[in-house]
Structure formats: C-alpha cells, structure tokens
Amino acid sequence: MRIELSQIGRFTLKKPVALTARFDCSEGVWCVENEALALSGYGQTPEEAVRNLEESLESLMVGFNTFPDEKLGEKSKEIKRKLLHYIDF
C-alpha cells in the first residue's frame, strides 16, 4: 500500500512524501518507509508506524543540524540533499 504525507510530526513538508506501507507477517508489525530518504517506522498499527517514522525523521534532522556537511559521509550528504526537497532545515 502507498501513502503520502504532507506533514511528518512537527515538520510541514514542501511537497508530499510517498511512503510504502506493508504488514510484516514474520514480525507482526506494520512498516512504513521511503528508502531513498532513509525514513522508516514500525508499529502495531499503520498510525503507530507513522509516529515511529516521525521519530526517525527527528533523529535525522538532529544529526544533519549537529554536524557540518564536511563531517558527513557521502551517503548522508545524499540523503540530506534529497530531504531538502521536502523540508527546510
């Protein structure tokens, strides 16, 4: 299932983010994710998984705002560039 969010937690997005939502039968949890943006969340319900994804985004934002770009790895810089299309840092 595909969902789009125009807001993730306290972050209002410039444009909606598409997420894949699926139920993982082996773990018994819902997963919502956008691999390109390194966002994922897990929970007993889709809503709980989205709340967990909000925490994931918050952690990314803290990391990107704590370290200057020259201290970030190439993969982190790429993710930050992609996130900038959706969020003002």
Side-chain angles (χ1 to χ4, degrees):
M1 169 174 39
R2 187 173 157 95
I3 60 173
E4 286 191 354
L5 298 177
S6 57
Q7 183 162 342
I8 300 176
R10 64 183 180 91
F11 301 102
T12 301
L13 306 176
K14 296 177 193 177
K15 60 184 181 178
V17 170
L19 303 166
T20 302
R22 62 180 168 77
F23 186 74
D24 183 335
C25 294
S26 64
E27 298 292 325
V29 297
W30 281 90
C31 172
V32 292
E33 64 187 348
N34 180 308
E35 286 187 38
L37 298 176
L39 296 174
S40 62
Y42 302 89
Q44 297 300 313
T45 65
E47 295 80 17
E48 188 177 307
V50 169
R51 283 192 301 275
N52 184 255
L53 178 127
E54 293 169 6
E55 294 170 13
S56 173
L57 176 58
E58 184 77 33
S59 295
L60 280 174
M61 298 295 287
V62 167
F64 290 147
N65 285 321
T66 300
F67 299 101
D69 284 355
E70 55 270 6
K71 298 235 181 207
L72 298 175
E74 288 305 313
K75 182 70 174 173
S76 294
K77 288 179 192 176
E78 179 184 338
I79 292 167
K80 183 176 179 179
R81 279 192 297 273
K82 289 177 182 179
L83 279 172
L84 282 170
H85 293 284
Y86 298 93
I87 301 169
D88 286 321
F89 280 80

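Values below: all heavy atoms of this structure, side chains included; hydrogens, waters and symmetry mates excluded.
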Inset, instruction - Any chance you could measure M1, atom CE, to T20, atom OG1, to the nearest 0.5 Å? - result: 10.0 Å
Legend entry - Interatomic spacing from OG in S6 to OH in Y86 - rounded to 0.5 Å: 13.0 Å
Inset, instruction - Enumerate the residue pairs fulfilling ring pair (Phe, Tyr, Trp, His ring centres under 6.0 Å) with a member in residues 44-63, sequence neighbours excluded, ordered by first and then second residue. - result: none
Legend entry - Minimum heavy-atom distance between L37 and L60, given as atom pair plus value: O-CD1, 3.8 Å
Inset, instruction - Provide the closest heavy-atom pair for S40 versus S56 in the form atom of the first, atom of the second, distance. - result: O-CB, 3.4 Å
Legend entry - Minimum heavy-atom distance V50-V32, with the two atoms named: N-CG2, 4.0 Å
Inset, instruction - Can you see which heavy atom on K80 is nearest to which on D69, and at what distance? - result: NZ-OD1, 2.8 Å
Inset, instruction - For E78, check salt bridge (Lys or Arg N to Asp or Glu O under 4.0 Å) against everything at least two apart and list the hits. - result: K82
Inset, instruction - Report yes if the side chains of E54 and F11 come closer than 4.5 Å at any heavy-atom pair, otherwise no. - result: no
Inset, instruction - Would you indicate whether the side-chain heavy atoms of I87 and L13 approach each other to under 4.5 Å? - result: yes
Legend entry - Nearest non-hydrogen partners of N34 and A18, listed with the distance: ND2-O, 2.8 Å
Legend entry - Inter-residue atom distance L72.CG - E70.CD, 0.5 Å rounding: 8.5 Å
Legend entry - From CG (L5) to CG (L19), nearest 0.5 Å: 5.0 Å
Inset, instruction - Any ring pair (Phe, Tyr, Trp, His ring centres under 6.0 Å) involving residues 28-60? Give me the pairs, sequence neighbours left out, ordered by first then second residue. - result: F23-W30
Legend entry - Common cluster, L53/V29, ILVMFWY with side-chain heavy-atom separation under 4.5 Å: no
Inset, instruction - Just jot down the salt bridge (Lys or Arg N to Asp or Glu O under 4.0 Å) partners of E74, sequence neighbours excluded, or say none. - result: K77
Legend entry - For R22, all residues meeting salt bridge (Lys or Arg N to Asp or Glu O under 4.0 Å), sequence neighbours excluded: E33
Legend entry - Those residues that, when tested against R81, pass salt bridge (Lys or Arg N to Asp or Glu O under 4.0 Å) (two or more places apart): none
Inset, instruction - For the residue pair K14 and H85, establish whether any side-chain heavy-atom pair is separated by less than 4.5 Å. - result: no
Inset, instruction - Take atom CD of E4 as the centre, draw a 6.0 Å sphere, and report whether it contains more than 12 heavy atoms from other residues, nucleotides or ligands. - result: yes
